[in-house]
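The structure appears right after this line, and notes come after that.
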Amino acid sequence: MTILVERSGNFSAWRFSVAPMMDWTDRHCRAFHRTLSAHALLYTEMVTTGAVLHGPRDRLIGFDAAEHPVAIQLGGSDPADLAAAARIAQDFGYREVNLNVGCPSDRVQDGRFGACLMREPALVGECVAAMKAAVSVPVTVKCRIGVDDQEPEAALDALTASVRAAGVDALVVHARKAWLKGLSPKENRDVPPLDYGRVHRLKAANPDLPVALNGGLQDLATATAELAPRDGIALDGVMLGRAAYAEPALLLGVDPVLFGEPAPVADPFAAIEAYEPYIVARLQEGLRLHAMTRHMLGLFNGRPGARPYRRHLSVAGTRPDAGLHTLREAVALVSREPASAAA
């Protein structure tokens, strides 16, 4: 089993994390993000229990030890299946198992998991209890503040009470309701209004339960502000999703701002240099360059040359013969001076 990497300092394990995002936070994305922050907790894409139990596990949930600390997010609602999948994930070396109670897609509704489980807090508690009994790593839940016509105060309190009784180790709360009827999954990421106050009230009512905030956090300044204590009680962490993916360079600020340690590399150029050995190893295994560089398109946003860089990777980087030279050609198009200095 992979040895887990421990954080330094007296910080919550959930102080900063990058959200699980379908089709985005695959193992190549996580390996790249790790070059930018040593301490950010990284999550897999959601993987269903059926896929873990019956699918090609090495391909679906395999990962590089350099990604640690890394957690797996499971989708499912059968306690026995979730317990079995959690055991497998622990054996693979994941440092945490997270249950998805927030995804609003049609697929998860048909499968009775994701956000629709907000309506079944007792079942979620059974799922958490089964996973806790099966593994020794933390078991956490990522949820919404409610779905459809649910009242967020009552809905989130009911879910919290159920999973607390089951021994959950932490809650990550996307501070929006999910509308399973009438809104698409994309619209559910933006249309329902954010209610950060609801998450702060949850923490105030459960001061000994680690609670992290997710949803609409666009930068580190906004995220850090939400970590400030309110009436003497502070949230335990923040989780960024699309902002961290679209502007990965913001992750360079995570370690110095939130953990009091230098970033692993000096700038985005150094991050690419640190990532190159990983790219070379995967190319030798037959992986196409674009599978890795697609996660890096926003790395130089705001610098002169960022657009030609993206264009080169989007065109030349998708060709069968694309290799490390292609990435270096793209990087050469970017100014080494920040936008403000070049203006």
Checking Y43 against I72 for the side chain to side chain contact (heavy atoms under 4.5 Å, CB included) test, could you report, in this order, the C-alpha distance in whole Å, the side-chain angles of both residues, the deciding distance, and whether it holds?
CA-CA 6 Å; Y43 283 83; I72 188 170; over 6 Å; no
Test log, rule side chain to side chain contact (heavy atoms under 4.5 Å, CB included), inputs L251 and F32
CA-CA 11 Å; L251 295 175; F32 173 56; over 6 Å; no
Residues D26, H295; criterion side chain to side chain donor-acceptor pair (under 3.5 Å); working and verdict
CA-CA 9 Å; D26 61 19; H295 303 301; 2.9 Å; yes
Between L283 and Y278, does the side chain to side chain contact (heavy atoms under 4.5 Å, CB included) criterion hold? Intermediate values first, please.
CA-CA 9 Å; L283 289 173; Y278 181 89; over 6 Å; no
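Contact record, V137 with V97: CG2-CG2, 4.1 Å, taken as the closest heavy-atom pair. When all heavy atoms of V331 and I272 are compared, the pair lying nearest together is CG2-CD1, 3.4 Å. Heavy-atom minimum distance, A158 versus P121: O-CB, 3.8 Å. Shortest non-hydrogen contact noted between D321 and H325 is O-CE1, 3.5 Å. A pairwise comparison of heavy atoms in S77 and L123 identifies O-CD1, 3.6 Å as the closest pair. Between A270 and A266, the shortest heavy-atom contact is CB-N, 4.0 Å.
Between the E285 side chain and the L287 main chain, no donor and acceptor come within less than 3.5 Å of each other. Without hydrogens or angle criteria, T326 side chain to G323 main chain gives a donor-acceptor distance under 3.5 Å. At least one donor-acceptor pair closer than 3.5 Å links the side chain of R15 to the backbone N or O of L258. No donor-acceptor pair under 3.5 Å is formed between the side chain of T224 and the backbone N or O of A221. For E276 (side chain) and L324 (main-chain N/O), no donor-acceptor pair under 3.5 Å exists by modelled atom type. Counting only distance, with no hydrogens or angles, the side chain of R95 and the backbone of A71 share no donor-acceptor pair below 3.5 Å. Between the side chain of R303 and the backbone N or O of R336 there is at least one donor-acceptor pair closer than 3.5 Å. Within the 3.5 Å criterion, the main-chain N or O of N301 finds no donor-acceptor partner in the side chain of E247.
By the rule that hydrophobic residues join a cluster once side-chain heavy atoms approach within less than 4.5 Å of another member, L53 and V139 end up as members of one cluster. Linking ILVMFWY side-chain heavy atoms closer than 4.5 Å, directly or via other members, places I61 and W24 in a single hydrophobic cluster. One hydrophobic cluster, built from ILVMFWY side chains closer than 4.5 Å, holds both Y196 and L240. Placement of L252 and V257 within a single hydrophobic cluster is found when ILVMFWY residues are connected by side-chain heavy-atom separations under 4.5 Å, directly or transitively. One hydrophobic cluster, built from ILVMFWY side chains closer than 4.5 Å, holds both L194 and V238.
Taking OG1 of T49 as the reference point, atom CG of D81 lies at 5.0 Å (rounded to 0.5 Å). Within the model, atoms CD of Q150 and CZ of R144 stand 12.5 Å from one another, a figure rounded to the nearest 0.5 Å. Considering OG1 of T35 and CZ of R30, their distance stands at 14.0 Å, rounded to 0.5 Å. For the atom pair OG of S17 and CG of N98, the computed distance is 9.0 Å after rounding to the nearest 0.5 Å. For the atom pair NZ (K203) and CG (L171), the distance works out to 10.0 Å, reported to the nearest 0.5 Å. In this structure, L159 CG and M118 CE are separated by 5.0 Å, a value rounded to the nearest 0.5 Å.
Using a 4.5 Å heavy-atom threshold, the side chains of R34 and P69 count as touching. Under the 4.5 Å side-chain criterion, counting only non-hydrogen atoms from C-beta, D169 is in contact with K132. Contact of the L99 side chain with the V163 side chain is not registered, since no non-hydrogen atoms from C-beta on lie closer than 4.5 Å. Using a 4.5 Å heavy-atom threshold, the side chains of C127 and F113 count as separate. Between R201 and L156 the shortest side-chain heavy-atom distance does not fall below 4.5 Å. The shortest side-chain heavy-atom distance between Y275 and L327 does not fall under the 4.5 Å cut-off. Contact check for D148 versus R119: side-chain heavy atoms found under the 4.5 Å cut-off. For the pair L60/V52, no side-chain contact is recorded, criterion being any heavy-atom separation below 4.5 Å from C-beta on.
If you check the side chains of Y245 and H33, you find no donor sitting under 3.5 Å from an acceptor. There is a side-chain donor-acceptor pair under 3.5 Å between S37 and D255. Counted by atom type alone, D219 and T222 present one or more donor-acceptor pairs between their side chains at under 3.5 Å.
Q73 pairs in a side-chain hydrogen bond (donor to acceptor under 3.5 Å, both in side chains) with only one of the listed residues (T140, N100, T25), which is N100.
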Atom pairs and distances, side-chain donor-acceptor, residues 208-216, under 3.5 Å, sequence neighbours left out:
from, atom 1, to, atom 2, distance (Å)
D208, OD1, R164, NH1, 3.2
D208, OD1, R164, NH2, 3.0
D208, OD2, R164, NH2, 2.9
N214, OD1, K142, NZ, 3.0
N214, ND2, M239, O, 3.1

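In the displayed structure, D231 atom CG is contacted under 6.0 Å by at most 12 heavy atoms of other residues, nucleotides or ligands.
Between F63 and Y94, the distance separating the two ring centers is shorter than 6.0 angstrom.
Ion pair D157/R198 flagged as a salt bridge, since at least one NZ, NE, NH1 or NH2 atom sits closer than 4.0 Å to an Asp/Glu carboxylate oxygen.
In this structure, H39 and F259 have parallel ring planes: the angle between them is below the 30° cut-off, well short of the 60° mark.
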